[in-house]
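Everything below concerns the one structure shown next.
Both ligands and their constituent atoms are indexed starting at 1 by order of listing.
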Amino acid sequence: MRRPLLSLLALGLLTAAPVPAQPALNPSADTLRDPIFPELGQVGLDVRHYDLHLTVTEPGTREVRGVVTLTLTSTRPLTQVRLDFLGPEVEAVRWNDRAVPFGVDEKAAKLTVTPPAPLRPGATARLTVEYAGTPGELEDPDFPTPLLLGWQAVPAEGGRAGANFVLSEPNGTHTFLPSNDHPSDKATFTTRVTVPRGYVAAASGVETGRVDAAGTSTFTFSQREPIPTYALGVFVDRFLRVDESAVPVGVGGSAVVRRDFFPPETPGPVRAAYVRTDEALRLLSEWFGPYPFGAYGVAVVTPRLPALETATLSTMPLNMSTERTAVHEIAHQWFGNAVTPATWPDVWLSEGMAAYSELLWTEHLGGDGQAYAARWHANLTRAGTRPLRATRAGELFDLSTYQRGALTFHALRAEIGDAAFRDFLRAYVTRFSAGAGTVSTPAFLAFVRERAGAGAEATVRRWVEERALPPLPVVGR
Ligand code: TYR
């Protein structure tokens, strides 16, 4: 359902009280110009934290109410803040607790806010947005089955209660959250979710509280390490929550909280895909270094969809509940959520390593990793392949991203040997989860050269840049 376009002009923003002409001070219209999603984000804007309160009154419908306070800084003077938003009707906007003018441009999917004075570099402001209604519909045409990205509703059916969750990669988060919706602007999150009594809410981060009031429960989650907006997970269902003992694989051996959420009708075999989660966390932390977050688990959802590595709490559809996919999503907590693609063409770095972790898991179980790699190579030979930086949305999650991406890491391993490969991966995570927490393809190549030498860089570069598929790398057995 489309709502009428509410233009900036209609709201008087462009005519009333114009900002004095300050060309250098008005980069507000500049998006981040991502090569694949050029419309996303705002140059200079840095969202540090989202404090989000969602209220779901009738789970299974698309209705939602949100109040979010963004903690903002900027690297340039900003006369306006332009957030990505294709969400429900905006009811109020406040800047440091004072009402300020705003405009919604649904066509551009932007919420534009004019602060009382330009946001200066280094200054911090709090921007609050209240909204309620139906999240926007953002169709992802690149999935085999048409998929609405962002806010998901699973209607009540038969004896089954309704449910909601989000599935946002790459750009669905702004259907339910006004945000700087690009992976280069990572942020921490406090997420509160209010649901009818009897429902359970879950979200990325560590649960810090639950308050029951008349007819409702409110759950609070703290995601203390920055994550990309697409990786925020939110779930509402009559979940069975299963708590396990913490696993000491965090930074400095710290305990990682373990909890999983299963819908009541989850068949037994589905649960089987998750019984070795602790073992996978231990194995992958040996290869990649300490697990980067405070918790890990899965939330199982019922629609047929791809699995998604939502931070600390992977989204696992029933149909994707296999051990292999479970390990893939765990690996994404390092590659994707802690080390995040700087732009969308860099997504192969996440998917390639997540796929590579399936090979590491196979070897861990005593299987033949080289045969696993040979299957990837045969698939690519049969289907055709491309250089790794995606040039359009349809390439983001294709065979080359996953399998040629994975073989690129296999080629590096073949070149430098297991011990050096392990050291490389650990150093790579340490280096690129720090600071902005992002990695670009050129920065990755430079790091390969720095850590593994010019020969290794040349090998990797062929996998990244050449059109033709290089020969199958062989890791000695
Ligand atoms: N990143 C997912 C994976 O682990 C794939 C995916 C992509 C899932 C986009 C959902 C989505 O919306 O492979």
Out of all atoms in ligand 1, which are within 4.0 Å of some heavy atom of [X]? Include the element for each.
X      : result
Ala307 : 2 (C), 3 (C), 4 (O), 5 (C), 6 (C), 8 (C)
His332 : 1 (N), 3 (C), 4 (O)
Pro306 : 8 (C), 10 (C)
Leu149 : 12 (O)
Tyr402 : 2 (C), 3 (C), 5 (C), 13 (O)
Glu309 : 1 (N), 2 (C), 3 (C), 4 (O)
Leu308 : 1 (N), 8 (C), 10 (C)

Taking NZ, NE, NH1 and NH2 as the nitrogens, is one of them in [X] or [Y] under 4.0 Å from a carboxylate oxygen of the other?
X      : Y      : answer
Arg389 : Asp346 : yes
Arg462 : Glu415 : no
Arg431 : Glu450 : no
Asp30  : Arg82  : no

Ser168 to ligand 1: N or O pair under 3.5 Å? no
Under 3.5 Å, is there a donor-acceptor pair linking the side chains of His53 and Thr194? yes
Can Gln370 and His410 be counted as having a side-chain donor-acceptor contact under 3.5 angstrom? yes
For Glu58, I'd like to know if atom CD has over 12 heavy atoms of other residues, nucleotides or ligands within 6.0 Å. no
Heavy-atom neighbours of Arg48 CZ exceed 12 at 6.0 Å: no
Any idea which part of Leu396 is under 4.0 Å from ligand 1, heavy-atom wise: side chain, backbone, both or neither? neither
Report the member of Glu329, Glu169, His328 with the shortest heavy-atom distance to atom 11 (C) of ligand 1. Glu169
Would you please determine whether Tyr230 falls within less than 4.0 Å of ligand 1 on a heavy-atom basis? no
Can a non-hydrogen atom of Ala354 be found less than 4.0 Å from any atom of ligand 1? no
